[in-house]
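Presented below is the structure to which this report refers.
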Amino acid sequence: MSTWERFLDTFFNAKVMARYLPDILSGVVVTIELAVLIVISGLAAGLALALLRSLGVRPLNWLIVFVVDLFRSLPPLVIIVLMYFGLPAAGLSPSGFVSTWLSLAFVLMAFSEEIFWAGITSIPKGQWEASRSTGLSYGQTLMNVVLPQALRLTIPPLTNRTIAITKGTALGTVVAVTEILGQASSAVSNSYNPSPLMMGAAAYIVLFFPVVVAGRWIETKFAWKR
Amino acid sequence: MIQSFFNAEIAAAAMPIVLDGLLNTILLSLLVVPLGLLGGLILALLASVRHPLVRWPLMAWVDFFRAFPPLVLLVLLFAGLPFAGLELGGFACVAIAFFLNTGAYYGEILRAGIDSVPSGQIEAARSTGLSRLQSMAYVVLPQAVRNVLPDLMSNTLEVVKLTSLGSVVAVPELLFQARQAQSVTYNPTPIVMAAVIYFLILWPLVRLLSRLENRALAARR
């Protein structure tokens, strides 16, 4: 066997790949589920916090800023580990899936709140005053005047952040979530062959490469021309 | 509650182990941040060669590593390479993975910075007799770095946080040490300690960044 053949036989072993393909695919499903949950709940919570903050209640805003800062400065893996290994001591035992979902959703919430808030504050005060004086209520002003302008501004930074945090689903493997990396790792130790890991890597590329390219496109499409 | 999360006895016992981890996290950061910056600088300088044969493969390279979760890259190096007869150890794997992953991010930022410097600057520098390399080093890069400083800092924050991945490949950094202490004591206090340490160290940077970002987004209008 030549070196090249031996390389192929080790890293791209067809038999091993065929055997573990179903595992990897089920991992893909879990990764997608996690990612969708994180994006929806994280962005929704972030927007909700930013709207709460726009009410201008002082003590509430300090609390929001503190929570945001907290989840921006803690490494996501630390939050996941703390939830999974720490909470049982308080009588709560979230599964690895739930720990990973909540942790990354909190992180996305923190980052997106900052971005949404920056977007809202970038709308000049005159816009608020003008719409309120035309008889729109606070809520109407927010929904129909401020947010449409603010959201457009937040799309490029939000896209990048969301992609970066969603990739963190791989961290779930540390707390036994059966997502792609978890499935691939256990397949490697069962088969003594790295081919499943190569499949897992390929799966990540197939999933995330189009997202990154789309993100790049969105970034230029919504960028403000200076 | 206090007994399990803020246990003073266990905190005292775990302190030396956790501080050891903190030291390693600092050392690791001092290694991987310059390494990532170096990788990014190489990519950004290559990107300033505006030939399509350079630009497209470069863009694909950067997007590839932006799409690839850093933990997957790390595990691939750590668990995959030994099958090719190459056993690198956790520390070296972290260094390589960070060079590739964070290099791609730093590269994007620096490229945007270089693009933001008007081409008249290069023309002026070249016409005063500076070589291409000199005008890049003395005229373009200083302005480029200043223009994207908030982004560079924000990425550096992410890189420092990312060093916690080292715990997965047995690099004895802060999280790894805390987990060791936790598994010995059956008490989550050491992990809480690690979290508090991360927060105390990184909070000032987060505060500063959030100010800079607010200003940047507001100025974009």
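The structure displayed is predicted, hence computed values, not measured ones.
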Just verifying a value: how many Å separate B:Ser48 OG and B:Arg111 CZ, rounded to the nearest 0.5 Å?
11.0 Å
Please classify the contact between B:Leu76 and chain A as side chain, backbone, both or neither, with a heavy-atom cut-off of under 4.5 Å.
both
Okay, B:Val160 and chain A: the region with an atom under 4.5 Å from a heavy atom over there is neither
Given that the side chain runs from C-beta out, which part of B:Phe65 has a heavy atom under 4.5 Å from chain A: side chain, backbone, both or neither?
backbone
Contact winner vs chain B - A:Leu87, A:Val174, A:Val81, A:Asp69, heavy-atom pairs under 4.5 Å
A:Asp69
Pick one of side chain, backbone, both or neither for B:Ile191, based on which atoms fall under 4.5 Å of a heavy atom in chain A.
both
Heavy-atom cut-off 4.5 Å, strictly under: side chain, backbone, both or neither for A:Phe7 against chain B?
neither
So for B:Leu165, is it side chain, backbone, both, or neither that comes closer than 4.5 Å to the heavy atoms of chain A?
both
In Å, rounded to the nearest 0.5 Å, how long is the span from OG1 of B:Thr25 to CG of B:Leu19?
11.0 Å
Between CG on residue B:Asn24 and OG1 on residue B:Thr163, distance to nearest 0.5 Å
10.5 Å
In terms of heavy-atom pairs under 4.5 Å with chain A, which of B:Val75, B:Leu73, B:Val168 leads?
B:Val75
Basic-acidic side-chain contact under 4.0 Å: A:Arg216, B:Glu108
yes
Which bit of A:Thr173 is near chain B, if near means a heavy-atom gap under 4.5 Å: side chain, backbone, both or neither?
side chain
Around atom CZ of B:Arg146, are there more than 12 heavy atoms from other residues, nucleotides or ligands closer than 6.0 Å?
no
So which heavy atom on A:Phe116 is nearest to which on A:Gly46, and how close?
CD1-C, 3.8 Å
Proximity breakdown for A:Asn193 and chain B, heavy-atom pairs closer than 4.5 Å
backbone
Other residues, nucleotides and ligands only: do more than 12 of their heavy atoms fall within 6.0 Å of CD on A:Glu33?
yes
Can you tell me which portion of B:Ser116 sits under 4.5 Å from chain A's heavy atoms? Options are side chain, backbone, both or neither.
neither
Give, for atom OG of B:Ser29 and atom CD of B:Glu173, the distance between the pair rounded to the nearest 0.5 Å.
9.0 Å
Using a cut-off of under 4.5 Å on heavy-atom pairs, state which of B:Tyr105, B:Trp203, B:Phe83, B:Phe64 scores highest against chain A.
B:Phe83
Quick check: A:Trp62 with A:Phe66 (ring centres under 6.0 Å apart)?
no
Name the member of B:Ala195, B:Pro69, B:Ser183 that forms the most heavy-atom pairs with chain A at distances under 4.5 Å.
B:Pro69
Supply the atom-to-atom distance A:Phe106 CZ to A:Met83 CE, rounded to the nearest 0.5 angstrom.
5.0 Å
Heavy-atom pairs under 4.5 Å with chain B: which of A:Val211, A:Leu207, A:Leu181, A:Ile79 has the most?
A:Leu181
What part of A:Ser185 is in contact with chain B, defined as an atom under 4.5 angstrom from a non-hydrogen atom: side chain, backbone, both or neither?
side chain
Report the option among B:Leu175, B:Leu205, B:Asp63 that has the most heavy-atom pairs separated by less than 4.5 Å from atoms of chain A.
B:Asp63
Quick check for you: to the nearest 0.5 Å, what is the distance between B:Leu45 atom CG and B:Ile114 atom CD1?
5.5 Å
Greatest number of heavy atom pairs closer than 4.5 Å to chain A - which of B:Asn187, B:Ile201, B:Leu162, B:Val206:
B:Val206
Inspect the surroundings of CH2 in B:Trp61 and state if more than 12 heavy atoms from other residues, nucleotides or ligands are less than 6.0 Å away.
no
Tell me, side chain or backbone of A:Tyr84 under 4.5 Å from chain B's heavy atoms, or both, or neither?
neither
From the list A:Leu82, A:Val68, A:Ile163, A:Leu171, the residue making the most non-hydrogen contacts under 4.5 Å with chain B is A:Leu82
